[in-house]
Amino acid sequence: MNQIRYDKVLNPAQLTAVMTTEGPLLVIAGAGSGKTRTLVYRVARLVETGVPPEGVLLLTFTRKAAGEMLERAAGLADERCRNVSGGTFHSLAHRVLRQHAGFLGFSTNYTVLDRSDMEELIQSLVQEMQVDKGSIRFPKKSTLANIISKAANLEKGVEDLMTDEYAQFLEYAPQVNKLSRLYGEYKKESQFMDYDDLILFFRKLMAENQGIREQLGRQYRYIMVDEYQDTNAIQADIVKWLAHDHHNIMVVGDDSQSIYSFRGANYRNMFEFPKLFPETRVVKLEQNYRSTQPILNLSNAIMNQAEEKYTKCLFTERGDGNLPRVVDARTEPEQAMYVSQAIREQLDRGLSLKDMAVLFRAAYHSFELEVELARRGIPFVKYGGFKFMESAHIKDLLAHLRSVVNREDTISLGRILRLVKNIGQNKSQAIIQWMREEKCHPWQVAEWPGAGKGDDGLKGLAQLLRQLGGKGTGPKRAIELAIEYYEPILKERFDDFPRRQRDLEQLLPMASRYQKLRSFLDDLTLEPPNSAADMGPVDRGDCLTLSTVHSAKGLEWAVVFIIWVMDGYFPSAKANSGMEAIEEERRLMYVAATRAKDELILCYPGQESPRPWVSNDGGAIPYTRGLSSFIQSLPSGVVEYGSMGTPFKTRDVSWVLKKAGLRREEHETKGRGLRAGDRVRHPAFGQGVISKLQGEDKVEVLFRDFGRRLLHLGYTRLEKV
DNA sequence: CATCACGCTGTTTTT
DNA sequence: CAGCGTGATG
């Protein structure tokens, strides 16, 4: 154990936050102000003063964040810090509910629905309801899930929420309302809890059951909550109940970094906190230890334009640096080109890839860049967006295990039934109906009286399920059995079979860390790995980071590129929340900018440009893109504006053709006079050669700088040159 | 009744 | 790209 000289490693404000262990404490911590450091030292301090580690609770935004903080505390002080209880609100709620759900009339054997389970259930209910499609399109399942979830988090009625935020679908409000009710009933019947239920029921448990509340109060004598600006009203209530009996509660946050309002988060929680606990002490951390002054000037300027702000400006003792650059890269392909070029330059300057990151608003905004990086052989890891757990093959495989663990889980059962040959929507529903009526075990599927001669596949499934449900079958064995069963189906269903097979095998090492199937599945739901690389000890080596801003919280890099797409968003009726949405975009930009230590480059495709996923349809549906007005109207001297020249070098088209081993073909697309071998120009991709004609209005073009693309002539503006 | 080929469409972020 | 609906096919 090391003796820590707190006054040597912390500034006065941080020191106060660390040493004030008793009573409620609100820490307002600007970006890069050593917030994590403060939490880590506070954990160390608590353990050092003799608080048993199990009695300390650290609530963070992701489980990973908690783990990393405790790891750090253990490293710099006392090994026992590793035993501090840490996790998210959801994981804590789950831990408690697994024990006490009985008080709420639930079985402790409930299944946690992740987002895609929720959507699937909603989808099936929509089909049952037979809503008649009115004049406008009925919202798709992900939108419906968003509406229902947000209403739950804000404790609003569906209709009220839709009036405020989904006015474009208001005519469907009665149907959505009914859907929401059916969804609630179905969950109850099937012993399902979605993410929102975990939180809501946890609060209910504490509000209504004094015994459990007192027990938790005794168990966790010291509580810390990170990212408090991202909590919602329900979570604030939970905090209130958790600390009800001892008031040893510290919350840390920064209102300028609140970017989760879509989950019902409300940064005003931070300023309500002293009302919950009137004797609250407030500490502000305003010195930034991360960025250069020019970067902070930009960050401050962004926030100065905000409608509502509480924290003061950040300052740093880090001297001058380069002005942040704002670059108009004209089109998205050129932007990808520009960013990878700039990365190359930083590399030549001696920087390493792991010191750089590219941040963006939405996962798909980096598609074009990813292609370009791959072309140049620049390795990268990507965070955010599509999840490993959400890929169809992983869901398929796990559904087999889930349907055994919870007999009521008809979602998973339906899913695996539909994988059996000759069983689709109708038969699977019939089987499920029958099983519900007869109260069968899942492994009795093959006894379904409706089975015809084509339905032999059910026997194989029944056999697997019986094995999975067997007493001695642990998580690892279960995965092995399921893979063995599922592999032929996988081969049949997907053509990129080898990759998906490797993904499935990634589950094995993870499964072997668990004793019980149930807890393995729970953890996969509550702590889903981001990618296959997250599953095992994969060496990421020296890679560039690509990340959504949401996933980049709590991290920092020497050089940060931000690629931004903003104007053109929120086209439809965000009636009341339009302004709030813009304000949240501002805070997103702030979070992104404050990740940078030394260099910051903002770039955007200023020109009206084709859609980013041009690969298949060549779509040129125009929409304006660019940095929003709050960036363009920054005070002078805060940034340096630039634009990107045309980087394409001319090269002989026949050289390209030859390199690709192509020959000129003679036939012609009707009416357009385009032939294979013709040189063409695309507004975004530049010059290319038609390599193949497909049907009347599709052509495959080999672009000099962007490789092969299939373009739809109905959409694309392809000129002959 | 299941499956396949085809065409159309597109806010986003995560526990 | 991927999800979805539609109409044709087995």
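Excluded from the calculations below are hydrogen atoms, water molecules and symmetry mates; all remaining heavy atoms, backbone and side chain alike, are included. First the proteins, then the strands, lettered A, B, ... as listed; each starts at 1. Please read these numbers as outputs of a predicted model, since none were measured by experiment.
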query: Between His550(A) and Arg418(A), which is nearer to the 5' end of DNA chain B once each is assigned its nearest nucleotide?
result: Arg418(A)
query: With sequence neighbours excluded, what pairs up with Lys141(A) under the salt bridge (Lys or Arg N to Asp or Glu O under 4.0 Å) test?
result: none
message: If the threshold is 4.0 Å, N to carboxylate O, is there a salt bridge linking Glu227(A) and Lys35(A)?
response: yes
- prompt: How is Thr62(A) classified with respect to the nucleic acid when contacts are heavy atoms under 4.0 Å: base, sugar-phosphate, or nothing?
  reply: sugar-phosphate
Rounded distance in Å - CZ (Phe169(A)) to C1' (dT11(B)): 11 Å
field: Length of the OH-C1' vector between Tyr383(A) and dT13(B), whole Å
entry: 18 Å
query: Please give, in whole Å, the distance from dT14(B) C1' to Leu588(A) CG?
result: 13 Å
message: Arg595(A): which residues meet the salt bridge (Lys or Arg N to Asp or Glu O under 4.0 Å) condition with it, sequence neighbours left out?
response: none
query: Taking only residues two or more places apart in sequence or in another chain, which ones pass side-chain contact (heavy atoms from CB on, under 4.5 Å) with Gln99(A)?
result: none
Sugar-phosphate only, base, or nothing, as touched by Asn146(A) at under 4.0 Å among non-hydrogen atoms: base
query: Checking side-chain hydrogen bond (donor to acceptor under 3.5 Å, both in side chains) against Thr111(A), which of Thr525(A), Asn406(A), Asp117(A) comes through?
result: Asn406(A)
- prompt: Asn153(A) CG to dT13(B) P: how many Å, rounded?
  reply: 18 Å
- request: Identify, between Leu526(A) and Val420(A), the residue whose nearest nucleotide on DNA chain B lies closer to the 5' end.
  value: Val420(A)
query: Between dT13(B), dG3(C), dT14(B), which nucleotide gets closest to the side-chain atoms of Lys141(A)?
result: dG3(C)
- request: Report yes if at least one side-chain N or O of Thr525(A) is closer than 4.0 Å to OP1 or OP2 of dT15(B); otherwise report no.
  value: no
- request: Give one of base, sugar-phosphate or nothing for Phe89(A), where a contact means two heavy atoms less than 4.0 Å apart.
  value: nothing
query: Touch check for Arg115(A), heavy atoms < 4.0 angstrom, all strands: base, sugar-phosphate only, or nothing?
result: base
field: Side chain of Glu584(A) - closest among dC1(B), dT14(B), dT13(B)
entry: dT13(B)
query: Taking atom P of dT14(B) as reference, at what distance in whole Å does atom CZ of Phe262(A) sit?
result: 7 Å
query: Which whole-number value in Å describes the distance from Glu119(A) CD to dA2(C) P?
result: 16 Å
query: Of the candidate nucleotides dT13(B), dA2(B), dT15(B), which contains the atom at the shortest distance from the side chain of Lys427(A)?
result: dA2(B)
message: Could you tell me how far apart Arg586(A) (CZ) and dT13(B) (C1') are, to the nearest whole angstrom?
response: 18 Å
query: Lys140(A) side chain N/O closer than 4.0 Å to the phosphate oxygens (OP1, OP2) of dG5(C)?
result: no
Glu556(A): salt bridge (Lys or Arg N to Asp or Glu O under 4.0 Å) partners, not counting sequence neighbours: Arg290(A), Lys597(A)
- request: Inspect the contact between Asp114(A) and Lys395(A) and indicate whether a charged nitrogen and a carboxylate oxygen are less than 4.0 angstrom apart.
  value: yes
message: Can you tell me if Ser551(A) touches the phosphate of dT14(B), counting only side-chain N or O atoms and a distance under 4.0 Å to OP1 or OP2?
response: yes
Where do N or O atoms of nucleotides 7-10 of chain C meet protein N or O atoms at under 3.5 Å, pair by pair?
none

- request: Name all residues meeting the side-chain contact (heavy atoms from CB on, under 4.5 Å) criterion together with Glu155(A); count only those two or more places apart in sequence or in a different chain, and write none if there are none.
  value: Arg203(A), Ile234(A)
statement: Per atom distances to the Gln123(A) side chain, the nearest of dC4(C), dA2(B), dT14(B) is dC4(C)
- line: Taken to the nearest whole Å, NZ/Lys64(A) to C1'/dT14(B) is 14 Å
